[in-house]
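Each remark here refers to the structure printed beneath this line.
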Amino acid sequence: MTRKKIQIKRIDNTTARQVTFSKRRRGLFKKALELSTLCDAEIALIVFSSTGKLFDYASSSMQQVIERHDLHSGRNLDKTNQPQSVELQLESTTYTLLSKEVVEKTHELRKMKGEELQGLNVNELQELEQLLDASLGRVLETKNERFLKEISALKWKRDKMMDENQQLKQQVENLLNVEAHLLGQGQPSELVTNICSSADPPHQDLHSSDTSLRLGLPFPD
């Protein structure tokens with residue numbers, strides 16, 4: 001039994017028209033998704049229903065597709081059918097390739113962030129999950145390495161401070177031992193001052209006198 005052809009004209013019945021619009025819209029978006037996946041094409045669809053409701057689909061980003069369309073249209077208007085040189089053709093090709101690469105990388109980044117996953121199948125979602133797991137593993141490994149380096153640096157600083165503290169403690173103990181030894185001998189603590197004083201030459205006693213006592217009568221003049 002062959003399928004009956006539907007005459008392409010406006011459907012007068014409002015309910016039937018709305019049902020047909022809903023079915024055809026889903027089919028149109030499905031075909032756009034298949035075309036984008038199979039042919040690596042960048043597609044954007046904008047549909048307004050008879051009631052004014054907006055429906056759209058974009059293989060990457062609607063805003064990027066519109067900007068690319070505007071840019072491409074502007075470049076075509078600027079050409080004005082003038083012959084291009086080899087350099088300009090190469091620049092145009094390079095620009096197109098770079099623009100496509102930017103769009104692809106942006107799309108991949110959005111998928112990595114968990115956005116725009118509606119068009120992915122199960123296998124693609126599993127590959128994305130594995131990629132995220134590998135990336136997370138590298139991030140954790142790098143973080144652990146940084147933590148170990150910081151811990152090692154802190155341990156080295158701790159050991160250095162403990163050594164310095166031990167040296168200071170030993171110096172204090174030596175000074176206390178010297179002080180106790182000097183006090184045990186009955187010497188004043190100002191040892192250096194006394195030693196310096198003892199090194200000076202002896203001074204003449206102010207109370208000493210060369211006057212001697214003479215006994216007997218004085219000599220006659």
Side-chain angles (χ1 to χ4, degrees), residues 1-140:
M1 182 177 180
T2 60
R3 187 176 180 179
K4 183 180 179 181
K5 276 191 174 183
I6 299 178
Q7 186 179 3
I8 304 301
K9 67 175 185 178
R10 182 178 182 274
I11 301 176
D12 295 331
N13 186 278
T14 304
T15 303
R17 185 168 64 243
Q18 186 64 30
V19 172
T20 303
F21 171 79
S22 179
K23 292 181 179 180
R24 294 295 181 95
R25 174 180 56 80
R26 288 196 296 267
L28 178 62
F29 285 179
K30 182 179 179 181
K31 290 294 183 182
L33 172 61
E34 294 175 353
L35 180 61
S36 173
T37 304
L38 294 175
C39 303
D40 194 20
E42 191 172 4
I43 300 175
L45 294 177
I46 299 177
V47 180
F48 287 96
S49 66
S50 59
T51 58
K53 190 174 181 180
L54 171 65
F55 300 91
D56 60 350
Y57 166 80
S59 58
S60 58
S61 171
M62 179 65 68
Q63 184 66 28
Q64 291 179 358
V65 175
I66 293 176
E67 291 176 356
R68 185 176 179 183
H69 172 268
D70 295 340
L71 181 61
H72 185 74
S73 300
R75 290 172 64 89
N76 288 337
L77 291 176
D78 293 338
K79 291 178 183 178
T80 61
N81 296 326
Q82 294 180 359
Q84 286 186 341
S85 62
V86 177
E87 290 80 5
L88 290 178
Q89 291 178 1
L90 291 175
E91 289 181 2
S92 178
T93 303
T94 303
Y95 176 81
T96 302
L97 293 176
L98 291 177
S99 299
K100 184 178 179 180
E101 185 177 357
V102 169
V103 172
E104 291 176 354
K105 296 301 181 182
T106 304
H107 191 200
E108 292 179 1
L109 181 60
R110 290 180 181 273
K111 290 192 296 184
M112 295 285 289
K113 295 169 62 177
E115 302 175 358
E116 300 181 1
L117 304 178
Q118 294 81 4
L120 300 181
N121 54 32
V122 177
N123 293 332
E124 291 174 340
L125 290 174
Q126 289 179 348
E127 293 178 358
L128 180 60
E129 182 181 6
Q130 294 175 358
L131 179 61
L132 291 174
D133 290 339
S135 300
L136 181 60
R138 289 192 295 269
V139 171
L140 292 176

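Scope of the values below: all heavy atoms of this structure, side chains included, with no hydrogens, waters or symmetry mates. This is a predicted model, so every value here is computed, not measured.
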Quiz item: Is Ser36 reaching over with its side chain to a backbone N or O of Ala41, donor-acceptor style, under 3.5 angstrom?
Solution: yes
Practice problem: Scan for side chain to side chain donor-acceptor pair (under 3.5 Å) pairs involving residues 125-139, sequence neighbours excluded, and state none if there are none. | Solution: Ser135-Arg138
For the atom pair [atom1] ([X]) and [atom2] ([Y]), what is the distance rounded to the nearest 0.5 Å?
X	Y	atom1	atom2	value
Leu38	Leu33	CG	CG	9.0 Å
Leu71	Ile66	CG	CD1	13.5 Å
Leu35	Ile43	CG	CD1	3.5 Å

Quiz item: Which residues satisfy the side chain to side chain contact (heavy atoms under 4.5 Å, CB included) test with Asn121, sequence neighbours excluded?
Solution: Asn123, Glu124
Exercise. Considering non-hydrogen atoms only, spot the tightest contact between Arg17 and Ile11 and give its length.
Key: NH1-O, 2.6 Å
Exercise. Quick one: closest heavy-atom pair of Ser59 and Glu42, and the distance?
Key: OG-CA, 3.4 Å
Self-check item: Side chains of Ile46 and Met62 in contact at under 4.5 Å (non-hydrogen atoms)
Solution: yes
Quiz prompt | Asp12 and Arg10, any side-chain heavy atoms less than 4.5 Å apart | solution = yes
Quiz item: Can you list every ring-ring contact (aromatic ring centres under 6.0 Å, His included) pair that touches residues 8-66, not counting sequence neighbours?
Solution: Phe21-Phe55
